[in-house]
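Here is the naming used below: chain letters follow the sequence lines, and residue numbers restart at 1 for every chain.
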Amino acid sequence: MPATITSNQIEQTIVDALTRFGANTTHLTPETTFEQLDVDSLDLVELAAVIEDEYAVTIENSDMAQLRSVGDVVELVVARTS
Amino acid sequence: MRRRVVITGVGAVTPLGVGARTLHERWLAGQCGIEEGVGRCADFDPTVVLSAKEARRTDRFAQLALAACQEALDDAGWGDGAPYEAEDVGCVLGTGIGGMATFEDSHAALRDRGARAVPPLSIPLLMANAGAAALSMRYGLRGQVYGIVSACAAGTHAIGAAVRMIQAGDAEAVVTGGAEATLTPFAAAAFAALDATSTAGISRPFDARRDGFVMGEGAGVLVLEAADRALERGARILGEVLGYGATSDAHHITAPDPEGRGAAAAIRRALRDAQLNPQDVDYVNAHGTSTPLNDRSETNALKAALGEHATRVPVSSTKSAIGHLLGAAGAVEAVATTLALRDRIAPPTLGYEEPDEGLDLDYVPDSPRPLRGNGRAGSHPAVGLSNSFGFGGHNAVLCLGGAR
């Protein structure tokens with residue numbers, strides 16, 4: 001992974017994916033929870049596939065339970081790409 | 001006394017357009033929705049009815065069902081919700097296959113990119129009960145909800161099961177019908193390999209030149225209510241399900257019994273269930289697929305079940321106007337029959353020109369024809385049969401009554 005990946009880029013990838021999934025991401029911040037966005041476990045599995053394609057980071061089912069907000073996913077991707 | 005079951009709302013998405021009345025009016029006007037050998041719902045835009053999330057979470061067959069359902073509920077005056085306890089409203093939806101396009105796309109992902117590329121929504125979208133589940137979730141229908149799978153008889157079986165659910169006292173109302181969306185490369189190839197589809201790309205039921213069915217897609221949904229409850233709430237009554245009969249050929253996986261014995265038995269049972277005689281039937285909406293085998297065996301079945309009256313009653317096929325909607329066919333045809341009976345008119349079998357030997361019923365060529373009424377008083381509701389037969393030897397027949 002090139003070192004140029006920023007948190008902002010990752011967040012944008014997530015926002016784009018969630019928007020495609022039908023979530024309203026207009027007022028989204030890193031603290032916004034998936035519950036607030038009405039994003040459920042099926043959406044998260046699809047989000048994981050997008051992240052894997054984009055950043056070659058594998059999010060296992062065991063990681064999912066810990067992911068409650070957009071920021072949680074950004075942190076996880078940052079940690080595994082650095 | 002057994003509960004009467006009335007039809008209070010109808011909806012349809014078909015190759016003739018969006019809307020049950022659109023289907024009724026365009027068919028009566030002699031218009032055909034088949035283009036380039038398929039019956040596609042080209043006017044259907046899922047985003048009109050569905051949110052982005054709902055659209056992603058449904059295969060096209062369920063999307064068609066949701067659109068038809070919205071229309072049927074509005075038609076029944078259920079726009080603000082069902083007028084019953086949620087657990088008293090069931091939903092039974094037929095389909096021949098389910099989410100065929102989803103199955104093909106997901107399998108392509110597996111083949112081309114491996115197991116990890118298979119979308120998690122694959123199974124929830126393709127399962128044959130996905131349509132019934134989608135309707136239940138969107139409209140809060142919390143009674144008995146399930147799918148029915150009996151190939152091209154599924155839509156009719158679903159309506160029959162819904163009627164029985166109300167008669168058994170398990171529901172006050174049931175949202176029912178059928179949906180199908182199999183205009184996919186695999187389905188087209190597979191039906192062609194069976195030699196079931198028309199190589200000419202023309203649906204001309206009962207005509208001597210018929211050479212197979214034309215595949216179509218779509219959905220039909222009806223709101224059925226216990227008559228006592230519907231009248232109590234002042235509902236407008238569109239028609240009534242007077243009787244239902246279903247049998248199986250136990251003969252062959254794809255071919256019908258040549259004499260139509262199973263089909264004839266289903267017709268007799270539907271009439272017996274309605275406590276009516278053959279001469280009471282004013283109109284027959286035939287299965288009429290345009291395959292050489294079906295149209296001959298169905299003609300034989302009508303002669304066997306209706307006797308002399310078979311040659312007097314008008315018989316026409318909706319498939320001449322929209323093609324064969326497989327698991328949705330019976331539901332869409334029940335909708336078309338209900339509206340035809342209400343208007344006391346027999347829509348035509350489009351494209352019927354050359355009689356075939358032995359196929360000598362009145363197939364209503366050219367243009368629609370007013371129903372005669374068979375000598376009964378004018379205020380008596382018109383009575384029709386709607387036939388559906390499926391691969392596997394499944395026969396299902398509804399006896400419908402028009403609005404009084």
Which members of residues 104-120 of chain B, sorted by number, sit under 4.5 angstrom from chain A on a heavy-atom basis?
-> B/R116, B/P120
Out of curiosity, A/D38 CG to B/S51 OG, how far, rounded to the nearest 0.5 Å?
-> 9.5 Å
Any side-chain heavy-atom pair from B/R56 and A/F21 closer than 4.5 angstrom?
-> yes
Heavy atoms only: give me the nearest B/A52-A/G22 pair and the separation to one decimal.
-> CB-CA, 3.8 Å
So with a 6.0 Å cut-off around CD of A/E52, is the heavy-atom count from everything else above 12?
-> yes
Give a yes or no on whether the backbone of A/R20 and the side-chain of B/K53 come within a donor-acceptor separation of less than 3.5 Å.
-> no
Answer yes or no: are there more than 12 heavy-atom neighbours, outside B/F103 itself, under 6.0 Å from its atom CZ?
-> no
Can you find a heavy atom in the side chain of A/D43 that is under 4.5 Å from one in the side chain of B/R57?
-> yes
